[in-house]
There are 2 protein chains.
Amino acid sequence: MPKAKPVTDTTTEEKIKHAAREVFHQKGYAATRTRDIAEAAGINLALLNYYYRSKEKLFDIIMMETMQSFMGTIIMVINDNDTSLQQKMELLAERYIDLFKVEPEIPLFVMIELRSNAKNLLEHIRPKEFLMQSVFAKQFQQAIQDGKIPPQPFLHFMMNLMGMIIFPFVAAPMFKNIGELNDQQYLSVIEERKKMIPLWIKATMKAKS
Amino acid sequence: MPKAKPVTDTTTEEKIKHAAREVFHQKGYAATRTRDIAEAAGINLALLNYYYRSKEKLFDIIMMETMQSFMGTIIMVINDNDTSLQQKMELLAERYIDLFKVEPEIPLFVMIELRSNAKNLLEHIRPKEFLMQSVFAKQFQQAIQDGKIPPQPFLHFMMNLMGMIIFPFVAAPMFKNIGELNDQQYLSVIEERKKMIPLWIKATMKAKS
DNA sequence: GTCTATAACGTGATAGAC
DNA sequence: GTCTATCACGTTATAGAC
């Protein structure tokens with residue numbers, strides 16, 4: 001069981017939110033009981049409602065902050081004018097893997113919530129707008145025009161890149177079993193991928209379409 | 001909303017199980033109410049308990065059958081002595097994509113269940129045993145010994161292959177939004193990947209480690 | 001086998017003492 | 001602010017008529 005970040009947890013309000021983040025991430029909205037959160041926070045159930053009104057309101061806060069972690073990572077990287085396409089891929093792999101090393105449940109949590117609440121979430125975060133108009137996307141198209149890579153759909157490229165980064169976290173139990181690895185060993189395997197993913201992706205981009 | 005396979009649904013017992021499979025896949029165990037299943041099956045709630053005793057027992061059956069779909073696909077392919085490594089990759093991409101086109105919720109469902117019930121499920125299906133001792137794994141090692149590909153970990157190869165196949169289904173809402181695609185269009189994008197994935201994977205295998 | 005009515009239980013939320 | 005006790009409600013499961 002991976003622990004979330006080392007936090008001081010000063011106020012009761014923060015203790016509750018911190019516990020909620022962990023429990024919601026691990027079990028999802030429907031399966032977590034407010035009593036689980038209260039217990040994890042070491043406080044009484046009534047306090048949860050005192051500070052956050054309801055389970056749903058608390059969840060919305062966690063959801064928003066989690067999406068911010070998830071999207072913030074990519075946003076900071078893909079619109080930097082001073083990095084190349086190749087460097088952006090390296091940064092994406094590095095930043096995401098570092099994020100998920102601390103909170104490995106985020107990817108699956110986000111995918112589940114996107115399924116059950118796609119419409120709401122997507123029109124709020126608008127991945128299409130900021131991704132397709134990013135420097136990253138433009139550099140990709142430029143590389144094609146410059147003949148550096150063959151013409152190919154940006155979507156497949158993104159699926160492969162994000163899949164290589166994220167999928168090992170989504171399917172961690174399976175791969176840990178296959179490789180007979182404990183949590184720590186598994187993380188060091190994933191650490192290797194930081195360097196490899198950009199090379200692999202580069203190779204796929206040159207493959208004939 | 002993707003529909004599950006066209007089925008005759010003869011008996012009441014089958015109608016219930018078919019409805020349960022759909023609802024459990026779409027919403028997960030905790031979020032589905034037995035009433036949802038009864039309604040989807042067009043029967044009364046009491047009948048569900050009459051045939052399957054409890055929500056949990058019904059779920060266990062669905063889980064088992066789903067894992068069978070999931071693992072059965074790979075098992076049939078990876079131990080065939082008459083196909084090459086390359087052909088096996090092609091078959092895996094084709095079979096899995098065909099399966100998930102019919103029931104796109106399976107991948108996320110399986111990942112969620114593996115998270116919340118890893119120990120039980122994994123010691124029952126033992127992916128490590130049958131995968132690592134498969135003809136597929138042996139052919140992979142042989143290709144390295146023959147100098148056809150550089151030495152590299154089988155686990156990374158599997159992560160990349162399975163990730164390319166499965167991840168687009170797990171993160172479908174996100175990619176549909178990015179590409180502005182409806183369900184049908186999205187499936188035809190994924191269909192393209194059947195041919196491309198083996199080429200991409202081949203390219204990654206030749207990249208320097 | 002299939003239904004209606006209801007029992008038994010778990011969970012979210014609140015009242016009210018301190 | 002924090003607690004205990006309790007309410008109100010939804011859900012699983014069953015009893016019993018047909």
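Predicted model only: the values in this text are computed from it and were never measured. Reminder, nothing fancy here: chain letters follow the sequence lines and each chain counts from 1.
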### Query
Looking at Glu94(B) and Lys195(B), does any basic side-chain N land under 4.0 Å from a carboxylate oxygen?
no
### Message
Salt bridge or not between Lys27(A) and Asp36(A)? Use side-chain N to carboxylate O under 4.0 Å.
### Response
yes
Among [options], the nucleotide that comes nearest once only the side chain of [X] is considered:
{"X": "Leu47(A)", "options": "dT2(D), dC3(C), dT11(C)", "answer": "dT2(D)"}
{"X": "Asn44(B)", "options": "dT4(C), dC3(D), dT2(C)", "answer": "dT4(C)"}
{"X": "Ala46(B)", "options": "dC3(C), dA13(D), dA13(C)", "answer": "dC3(C)"}
{"X": "Lys55(A)", "options": "dA13(C), dA13(D), dT2(C)", "answer": "dA13(C)"}

Is any side-chain nitrogen or oxygen of [X] closer than 4.0 Å to OP1 or OP2 of [N]?
{"X": "Thr34(A)", "N": "dA13(C)", "answer": "no"}
{"X": "Asn49(B)", "N": "dA13(D)", "answer": "yes"}
{"X": "Tyr51(B)", "N": "dT2(C)", "answer": "yes"}
{"X": "Ser54(A)", "N": "dG12(C)", "answer": "no"}

### Task
Report yes if a donor N or O on one partner sits less than 3.5 Å from an acceptor N or O on the other, where the partners are the side chain of Arg33(B) and the base of dG10(D); otherwise report no.
no
Categorize [X] for me: base, sugar-phosphate, or nothing, with a 4.0 angstrom heavy-atom threshold over every strand shown.
{"X": "Arg53(B)", "result": "sugar-phosphate"}
{"X": "Thr32(A)", "result": "sugar-phosphate"}
{"X": "Leu48(A)", "result": "nothing"}

